[in-house]
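First up is the structure itself, then whatever we jot down about it.
Below, each value reflects all heavy atoms present in this structure, side chains not excepted, and no hydrogens, waters or symmetry copies. Along the sequence shown, residues carry numbers from 1. Note that the coordinates shown come from a computational prediction; the quantities given were computed from them, not determined experimentally.
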Amino acid sequence: MENDDELLFAAEEETPQTAFPVAKTPRKPWKIMIVDDEPEVHTITRLALSGFEFEGRPLQFISARSGAEAKALFSEHPDIAMVLLDVVMETEDAGLDVVRYIRDQINNRMTRIILRTGQPGQAPERRVVLEYDINDYKTKTELTAQKLFTSIVAGLRAYADLEIIEQNRRGLEEIINASASIFKIQSMERFVQGVLTQLVSLLRLGENSFCGSGCFASHEEQSLRIIAGTGAFSEDAGKRIEDVLQTPILDDVNTAIVRHENHFSDEYIVLCFMSSNNRGVIYLENSFALNVFDKDLLNLFCANVSVALDNLKLANELERTQREVVERIGAVAETRSEETGNHVRRVAEYCYLLAQAVGMDEAEAQMLKEAAPMHDIGKVGIPDSILNKPGKLSAEEFEIMKKHAELGKKLLSNSKSRLLDASAIVAYEHHECWDGSGYPRGLKGTEIHIYGRITAIADVFDALGSPRCYKGAWTIDKVFAYMYEQRERQFDPDLVDRFLEHREKILEIRESFKD
């Protein structure tokens, strides 16, 4: 290979490798694949990232010297978080062939791909970024140690967000499937396991945790027995909690139950659930300190599940819990784009109002209301530099931004849950336009699902009336005028007319859920 294919790190000031919290116990490493036919590239990359940790987890390097070897390694390591991928190896486009294999043949949309090349003329950046589903493009001569560090952090952060969404989708599906017969013992086990899966994935606690719950104190002689577990406690179902936990931890568990309050420490968490005739706790071994938001989320979660465990209110409270989980997952994307959780609440309420106005039955209107918060969930896969860019996006940046609709659909589709299926439709079609000028598929008129047409109106209305990093908030009169102007262009004209007929109710919703 020529000298310009060497990976060079320019001189720069010494900076700490990481400012992220270091785990007190070993945690599963992030898998990073280095694909390059130059041995020194592997050596210098490992050296530059020596000692690197992100969220308390180290890196595990996997090396491949050719595109063919990289493909084979993906079958052994399906959980690779990032690929540092050379373009020119055994062939001039071997790296691009690997990209096609990852995205199209094995349908892996999670792994973050950084394309590195020493010969940019053979793979022009603009063409490659537009035509291939990659996450970053670097020439080897520009990739300093600090820039490599920054790229790794950005990629791992995006991968972690996608991983959490996928794990929560599975956990939410488990809860929804169990809700029909929740008080049968098999369904209770599935419900608790689904709740545990959501907690562990949301807080990134790893696998070393378990869930215990009182099996109705009168039925179990006043003792708490473990219903389901994970990690080191996965085989402890049916055991009494006092036979598993040590005395100091048991004291905190008993105190939490007596005081009906949660216990947080740097080593473990005790979550207390109480209802009129049930009691229980979740114990989670922790490897890093929780922040205020984490604790607030757990406190709210416990309050909801406590109500859901009450037999008389089971059905209603389970539905409310599901709605809140969906709304909070939907708010992840809004948080990343410096918007507020109240945006997704307002959009949900506008969708519900409009669904009722067009005669949708109550069950379907409620379904749309619960699905609407997920409309922008695909934004978790969009780089922060684009998502939070002040000012207008370039044409290339906008093409990347548009991918969030398809990514959202892929994250939510193929589920047994009607709610997640509805959410997939909303995520995929809320940027389609009535006149066919929208994306991602350019659907026209009633080719667009009614969920997408309604959500498009609600989302645009709220976005225009709210400040964003790239614009100020419009006046409400200007927003209403725009909505009318765009009937038969961007929006379904009949839906716009129904929406504008309810101006007073719309303003009430806007006032009730202020940022």
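- Under the 4.5 Å side-chain criterion, counting only non-hydrogen atoms from C-beta, Phe499 is not in contact with Arg487.
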| said: Determine whether Ile450 and Met360 satisfy the following criterion, side-chain contact (heavy atoms from CB on, under 4.5 Å), listing intermediate values before the conclusion. | reply: CA-CA 10 Å; Ile450 185 67; Met360 195 176 291; 4.0 Å; yes
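- Classification of Lys379 and Asp384 as a salt-bridged pair fails, no side-chain N sitting under 4.0 Å from a carboxylate O.
- Using a 4.0 Å cut-off between charged side-chain N and carboxylate O, Glu429 and Lys409 make no salt bridge.
- The closest side-chain donor-acceptor pair between Thr455 and His375, if any, does not fall under 3.5 angstrom.
- No salt bridge links Glu508 with Lys505; every basic N to acidic carboxylate O contact stays at or beyond 4.0 Å.
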| said: For Glu364 and Tyr451: C-alpha separation, side-chain torsions, deciding distance, then whether side-chain hydrogen bond (donor to acceptor under 3.5 Å, both in side chains) applies. | reply: CA-CA 10 Å; Glu364 190 172 15; Tyr451 291 173; 3.1 Å; yes
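- For His404 and Asp376, the side-chain atoms include at least one donor-acceptor pair closer than 3.5 Å.
- For Thr475 and Asp477, the side-chain atoms include no donor-acceptor pair closer than 3.5 Å.
- A salt bridge does not link Asp421 to Arg418: none of the charged nitrogens lies less than 4.0 Å from a carboxylate oxygen.
- For Phe461 and Phe480, the gap between ring centers is short of 6.0 Å.
- Aromatic ring orientation, Trp30 versus Phe54: tilted (interplanar angle from 30° to 60°).
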